[in-house]
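Working notes for the structure below.
No experiment lies behind these values; they were computed from the predicted model shown. Position 1 is the first residue of the sequence, and the numbers go up from there.
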Amino acid sequence: VQLQASGGGLVQAGGSLRLSCAASGRPFSRYAMGWFRQAPGKEREFVAAISWSGGGTGYADSVKDRFTISGDNAENTVYLQMNSLKPEDTAVYYCAAVGPRGYSGSYYPTSDYAYDYWGQGTEVTVSS
């Protein structure tokens, strides 16, 4: 599976961005997908994830109620809609995929070590 992340950029605090992660190489529909981010000088951290069926989604507390993850199996793409952006959201955002593993339709890993495939990252900068 190859993942291509896009959609990053520079935005003012309070603004919105939508990140996309396009998957290719294998059927996408059985893969759980996640978004992670890494700010300068910090560890990579979990942001959001979606189960292979779309029936389960999860978010880091820091982005809950502001970010929304969704998937489009027909387009082999996962999205991360980011609203009410804050300067502390500034980071390189990575999408990741894992599967198929026989996970239940509602399960999604939140640890980066659980993911098999990673995109190249897209940079998000939020100015104050």
Y108 side-chain N/O to T57 backbone N/O, donor-acceptor pair under 3.5 Å: yes
For S16, all residues meeting side-chain hydrogen bond (donor to acceptor under 3.5 Å, both in side chains), sequence neighbours excluded: N83
Student check: side-chain heavy atoms of V98 and Y103 closer than 4.5 Å: yes
Atom pair CD (Q120) and OG1 (T122), whose distance is rounded to the nearest 0.5 Å: 7.0 Å
Short side-chain to backbone donor-acceptor contact, W35 and A96, under 3.5 Å: no
Separation between CZ of F67 and CG of D89, rounded to the nearest 0.5 Å: 4.0 Å
Closest approach of V1 to Y117 (non-hydrogen atoms, all atoms of both residues): O-CD2, 3.5 Å
Sidechain-backbone polar pair: Y59 side chain, I69 backbone, donor-acceptor under 3.5 Å: yes
Among M82, E45, R37, the one residue meeting side chain to side chain contact (heavy atoms under 4.5 Å, CB included) with V63: R37
Disulfide bond (SG atoms under 2.5 Å apart) partners of residues 76-128, not counting sequence neighbours, each pair once: C21-C95
Donor-acceptor contact present, side-chain S51 to main-chain G105, <3.5 Å: yes
Main-chain N/O of G7 paired with Y93 side-chain donor or acceptor, under 3.5 Å: no
Basic-acidic side-chain contact under 4.0 Å: K64, D61: yes
Exercise: identify the closest heavy-atom pair between L10 and S127: CD1-CB, 4.4 Å
Shared hydrophobic cluster for V11 and L80 (ILVMFWY, side-chain gaps under 4.5 Å): yes
Within one Ile-Leu-Val-Met-Phe-Trp-Tyr cluster: V126 and L17, side-chain cutoff 4.5 Å: yes
Mutual orientation of the aromatic rings belonging to F36 and F46 [parallel < 30°, tilted 30-60°, perpendicular > 60°]: perpendicular
W118 versus Y115, closest heavy-atom pair with distance: NE1-O, 3.7 Å
Hydrophobic cluster membership, V124 vs M33, 4.5 Å side-chain cutoff: yes
ILVMFWY network linking L3 to L19, side-chain heavy atoms under 4.5 angstrom: yes
Single-linkage hydrophobic cluster Y79~V47, side-chain heavy atoms < 4.5 angstrom: no
Euclidean distance, R30 CZ relative to S53 OG, rounded to 0.5 Å: 9.0 Å
Atom pair OG/CZ of S111 and R44 - distance to nearest 0.5 Å: 11.0 Å
Side-chain donor/acceptor of W52 to backbone N/O of P100, under 3.5 Å: no
